[in-house]
Amino acid sequence: MRNIGKEYYGVRVLKNVSIRLKKGQILALLGENGAGKSTLMNILFGMGVIHDTGGFEGEIIFEGKEVKIAKPSDASELGIGMVHQEFMLIDGYEIAENIRLNREISQGNILSRIFGKKLELLDRRAMRMEARKTLDSLGLEALDETVEVENISVGYKQFVEIARELNKKNIKLVVLDEPTAVLTEGEAKQFLDSVRAFSRQGISFIFISHRLEEAIEYADTAAVLRNGELVAQCSMEGMTAEKLSEMMIGRTVELIKREERQESAKTGGILFSIRDLHVAMPGERVKGVDLDIREGEILGIGGLAGHGKVGIANGIMGMYPASGTVLYRGEPLHMEDTLGTLKKKIMFVSEDRRGVGLNLEASIELNTVIAALRVNQEYLRKFAGIRFYDHRAAAAYTAKMIKEIDIRCTSGSQPCKRLSGGNQQKVSIAKALAMDPEVLFISEPTRGIDIGAKKLILSYLVKLNRERHMTIIMTSSELAELRSVCDRIAIVTEGKVAGILGPDEEEYKFGLLMSSSIQKKTGEGENDEEDKTPV
Amino acid sequence: MKKIKRLYEAIGFSRLIIIIFLAILVLLTFALGLDSAGITSDVLVRIGLNSFFVLAMLPMVECGIGLNFALPLGILCGQFAGVLTVEWGLTGIGGILAACLLGSALSAAVGFFYGKLLNHLRGSEMMVGTYINFSIVSLMCIGWMLFPFFSDSRIKWAMGNGVRSTITLDGFYDKVLNDFLAFQIGNVTIPTGLFLAFGLGCLALWGFQKSKTGIMMKVSGMNPMFGKSIGINNDRMRIMGTVLSTMCGAVGIVIYAQGIGMYQLYTAPRNMAFPAIAAILVGGATLKRANIWHVIIGLTLYQAILTIAPVVSAQLIDDGSSLSEIARVIICNGVILYALTKIDGRKV
């Protein structure tokens with residue numbers, strides 16, 4: 001067997017890290033946010049950031065030879081591919097075009113023979129067939145390769161990203177940066193199964209993940225980083241999630257523990273009564289949801305990505321056009337009137353915290369108080385009849401929240417874009433709480449954030465529910481998370497509520513509710529068609 | 001070394017060039033033995049005269065639209081109000097105040113419709129603004145010929161119809177603000193009234209930024225989706241920003257006109273938006289971010305160059321004044337072009 005070894009020695013965020021990976025193996029790269037995982041991978045891939053900031057130390061040995069990777073195209077030539085955390089797809093292009101991007105298959109014609117290769121025409125059929133083959137090998141028979149990327153759900157986009165890498169002929173190593181963060185559990189499993197199948201064919205993978213369970217299940221070895229240093233590279237055999245997280249965080253942590261149930265949630269009166277809700281949110285359409293929400297409960301909304309679970313909260317808060325009736329405390333709620341809804345002390349923490357939930361350019365302080373300032377006229381003081389921003393009150397409240405939910409920052413005036421994902425999420429929550437809401441819609445509260453912050457946010461939500469008697473509607477792709485904090489869990493499939501289960505129901509029942517529709521979907525294949533119509 | 005690098009990053013490439021150019025000009029004035037006190041007085045007056053045009057860019061950037069290429073909308077309103085005050089024979093500070101108030105009221109209405117239009121044309125506001133600028137100035141050329149409001153012989157042509165191309169303010173409020181409480185330091189004249197007006201304008205806008213509406217406008221401009229999620233009506237904020245900007249334009253032309261002693265009508269306002277845009281960009285503003293300091297720094301640098309360059313070049317070269325005019329156009333349009341290529345602005 002031919003050994004492929006790679007070694008890195010870096011400084012600054014990385015200190016003397018060396019990892020090695022054999023051909024056809026899967027390496028799980030683990031570590032808290034900011035441990036240096038992405039930096040390490042950027043070095044491997046020759047990303048511009050590395051060289052703009054003074055390069056790196058150490059060497060990379062690929063297939064027994066020392067190689068210089070100065071730019072991403074060098075890495076591509078060597079057969080190293082990368083799937084980034086953020087999607088790098090062109091929305092208006094169809095899937096096949098995205099997969100073959102920059103490696104288009106072209107046909108010669110008269111003009112091209114005279115004027116050169118640039119004038120060759122695309123051979124779309126060959127491109128589609130190529131793309132089809134790769135998609136099929138990923139188990140995506142249902143996905144039409146001619147659909148434009150902007151019309152497919154987040155989960156499918158992730159598949160397209162990896163299909164692009166795997167479609168390359170000379171591919172030897174693929175780096176996956178949190179590939180499953182945006183996938184639901186079912187999709188993640190499908191995804192990782194196909195990754196494993198590819199690794200059997202001799203392609204190596206490095207994958208970065210926050211989900212320890214899947215790392216244990218799928219990876220051959222694990223490399224754990226902490227504060228830029230390699231804690232250990234070890235075999236996955238006999239490894240437990242507890243052991244791994246201990247290595248990551250450096251102290252023993254318990255994984256998210258199931259909270260005690262509360263009885264009152266079962267007896268609370270009906271707060272929201274949602275009938276026949278339709279929401280035109282692209283990629284997350286809601287097509288007729290009926291749902292009752294009880295006062296004082298934590299209701300979980302789960303389901304696969306792209307099936308509309310995220311659309312419910314967005315529709316009710318007026319972020320996307322919605323129809324249907326929503327009764328709040330027996331009175332109809334006007335969904336398009338966001339301000340009116342907010343005034344009823346119904347607040348929303350968006351799943352898109354960088355785009356909608358926060359104003360990244362603005363300071364933590366402004367982000368925290370702005371909603372309360374807008375809706376409740378707080379943090380203002382009158383001077384000559386005009387209401388001015390009350391910096392002192394705002395700063396005081398922000399300081400209090402920074403302490404209470406442990407936002408790691410230099411001060412309240414730090415702009416939000418300088419914060420890590422977990423801390424940004426905490427600011428989003430602080431923003432919602434400043435309004436002192438009675439009802440809180442919170443979507444994907446733990447997406448892409450590390451275990452420490454995840455645990456804190458979830459237990460804080462439970463605390464809000466118990467102590468302030470806040471009704472919380474939490475939408476999440478992670479079933480385990482929903483099961484650990486919710487009183488009831490509604491599973492949304494194909495834009496409708498497929499069923500409501502208690503958190504202690506067995507896992508397969510949830511799976512059934514989610515997957516029953518997948519089979520249906522493969523048969524019909526009309527869902528994609530419908531999503532194509534522009535909003 | 002690091003300190004120098006940080007300083008350079010804070011100043012930015014384009015501002016550095018302008019500063020170096022200005023420094024060379026200043027050195028040359030001394031080397032050539034020019035009347036530096038007179039030049040300084042000129043620079044101060046020009047800063048004051050152009051101040052409100054540059055201030056007008058601020059609310060427009062703040063609410064997320066970008067730079068106001070249709071500033072002449074406000075300027076025309078101000079001119080119309082100003083010529084009316086001349087027709088009514090108002091003089092002194094009272095005349096200026098009346099012209100400002102009337103101009104503001106008119107431009108508020110005009111700005112409202114301009115804002116509505118821009119809300120329908122999201123994404124190409126600056127291009128639309130440029131075309132509105134050119135077309136409205138031409139339209140007003142017809143207007144000046146046909147308006148029935150004016151009868152004074154100092155306003156109307158001696159024969160035929162229409163208003164004169166320049167309305168002199170001699171005997172009305174010529175240089176009233178320039179001379180208000182003006183005093184001398186050495187040979188340099190400080191136009192106190194002008195700076196008081198500029199200061200008031202800055203203070204008012206600064207206060208607005210700190211008010212509830214101002215904060216909401218800023219938030220909505222930075223991230224409209226975020227604004228929507230907390231119940232801010234983004235369209236209304238954009239209209240408000242446009243109205244404020246247009247009003248600044250109206251006040252600006254009244255102050256400008258009293259300083260140069262006349263209203264220049266017809267096609268004169270056509271190119272008035274560009275120096276103001278260039279000035280705020282020289283000050284370090286981008287299409288997404290601007291603050292009062294960008295206005296003050298930019299105005300000072302830009303007007304200083306414009307004032308000093310012709311004097312110096314006239315001394316150095318024969319027919320230097322036309323050369324300086326060419327330099328002025330290159331600087332003004334070059335700066336705008338440079339800023340537009342960096343549409344996301346400098347990373348902060």
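Chain identifiers are assigned alphabetically (A, B, ...) following the order of the sequence lines, protein sequences preceding nucleic acid strands; residue numbering begins at 1 within each chain. These numbers come from a predicted model, not from an experiment.
Using a 4.5 Å cut-off between heavy atoms, A:K343 does not touch chain B at all. The contact between A:L342 and chain B is made entirely by side chain atoms (from C-beta outward), counting heavy-atom distances below 4.5 Å.
Ionic pairing of A:E361 and B:K288 is not present here: no N-O contact between side-chain nitrogen and carboxylate oxygen is shorter than 4.0 angstrom.
Listed options A:T341, A:T338, A:N314 were ranked by heavy-atom pairs under 4.5 angstrom with chain B; first place goes to A:T338. Ranked by non-hydrogen atom pairs under 4.5 Å with chain B, the options A:L358, A:V356, A:N359 are led by A:N359.
Enclosure of atom NZ in B:K218 is not indicated, since only 12 or fewer non-hydrogen atoms of other residues, nucleotides or ligands lie within 6.0 angstrom. Remark: A:H278 NE2 is packed, more than 12 non-hydrogen atoms of other residues, nucleotides or ligands lying under 6.0 Å away.
Within the 4.5 Å cutoff, the side chain of A:I370 has heavy atoms near those of the B:F226 side chain. Between B:N223 and A:L360, the closest side-chain pair of non-hydrogen atoms is not below 4.5 Å. A:M319 places a side-chain heavy atom less than 4.5 Å from the side chain of B:S229. The closest side-chain heavy-atom distance from A:M435 to B:I230 is not below 4.5 Å.
With hydrogens and angles ignored, the 3.5 Å screen pairs a side-chain donor or acceptor of A:R374 with a backbone N or O of B:G231. For the pair B:K212 (side chain) and A:Y389 (backbone), a donor-acceptor distance under 3.5 Å is absent.
Separating the CD1 atom in B:I215 from the OH atom in A:Y379 is a distance of 13.0 Å, to the nearest 0.5 Å.
The minimum heavy-atom distance linking B:M222 with A:A362 is given by the pair SD-CB, 4.2 Å.
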